[in-house]
Amino acid sequence: VQLQAFGGGLVQAGGSLRLSCAASGRTFSSYVLGWFRQGPGKERELVGSISQIGGRTYYADSVKGRFTISRDNAKKMVYLQMNSLKPEDTAVYYCAARRPPSPGVAELTGQYQYDYWGQGTQVTVSS
């Protein structure tokens with residue numbers, strides 16, 4: 001599967017942004033999808049993930065209550081709605097996919113557990 005993330009940009013603190021990730025491939029609905037980010041000088045970290053049909057999600061504590069992941073399997077899209085953005089959310093954001101078989105979303109927290117990656121999209125939050 002090929003992934004392409006887009007929708008990043010510059011936003012003021014407290015603002016919102018919606019990232020999108022378009023996928024190709026016939027088996028999109030069988031993949032667990034995740035959003036990761038990598039800030040300046042930091043390691044890549046999981047933001048959140050969503051199960052194959054979207055029934056289960058997992059979020060990092062740092063974004064819980066502010067970010068929402070959703071997916072549309074018919075359109076082969078995954079989204080990351082980011083609200084109440086903070087300067088510390090500044091990072092390059094990546095979408096990723098884990099092919100089956102896979103454990104539950106709460107166990108897929110490491111970047112090496114994902115098999116496919118899109119290019120990143122920059123999100124900058126100004127104070």
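FYI, the numbering just counts along the sequence from 1.
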Contact check, side chains of [X] and [Y], non-hydrogen atoms, under 4.5 Å:
X      : Y      : value
Gln122 : Thr90  : yes
Ser62  : Arg37  : yes
Tyr58  : Leu108 : no
Gln81  : Ser16  : yes
Gln4   : Cys21  : no
Ser49  : Arg98  : no
Arg71  : Ser51  : no

Can any side-chain N or O of [X] pair as donor or acceptor with the backbone N or O of [Y] at less than 3.5 Å?
X      : Y     : value
Ser24  : Gln2  : yes
Thr121 : Phe6  : no
Asn73  : Lys76 : no

Practice task
Using the salt bridge (Lys or Arg N to Asp or Glu O under 4.0 Å) rule, collect all pairs that involve residues 49-69, keeping only residues at least two apart or in two chains.
Solution key: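 Counting only pairs at least two positions apart or across chains, the salt bridge (Lys or Arg N to Asp or Glu O under 4.0 Å) contacts touching residues 49-69 are Asp61-Lys64, Arg66-Asp89.
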Problem - Cluster overlap Tyr94 with Tyr79, hydrophobic side-chain contacts below 4.5 Å - result: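 No, no single cluster joins them.
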Practice task
Mind listing the closest non-hydrogen atom pair of Pro87 and Ser127 along with its distance?
Solution key: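 What the structure gives for the nearest pair is CG-CB, 3.8 Å.
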Exercise for the section: Any chance you could measure Arg99, atom CZ, to Tyr114, atom OH, to the nearest 0.5 Å? Expected result: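 That separation rounds to 14.0 Å.
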Practice task
Please round to the nearest 0.5 Å and tell me the distance separating atom OG of Ser29 and atom CD of Gln52.
Solution key: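 Here the interatomic distance stands at 8.5 Å.
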Exercise for the section: Hydrophobic side-chain clustering at under 4.5 Å (ILVMFWY, transitive links): who's grouped with Val63? Put none if nobody. Expected result: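 Members other than Val63 - counting any ILVMFWY side chain reachable under 4.5 Å - are Val1, Leu3, Val11, Leu17, Leu19, Phe28, Tyr31, Leu33, Trp35, Val47, Ile50, Tyr59, Phe67, Ile69, Val78, Leu80, Met82, Leu85, Tyr93, Tyr116, Val123, Val125.
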Handout entry: Residue pair Arg44, Tyr112: steps toward the side-chain contact (heavy atoms from CB on, under 4.5 Å) verdict
Key = CA-CA 10 Å; Arg44 191 171 298 188; Tyr112 299 109; over 6 Å; no
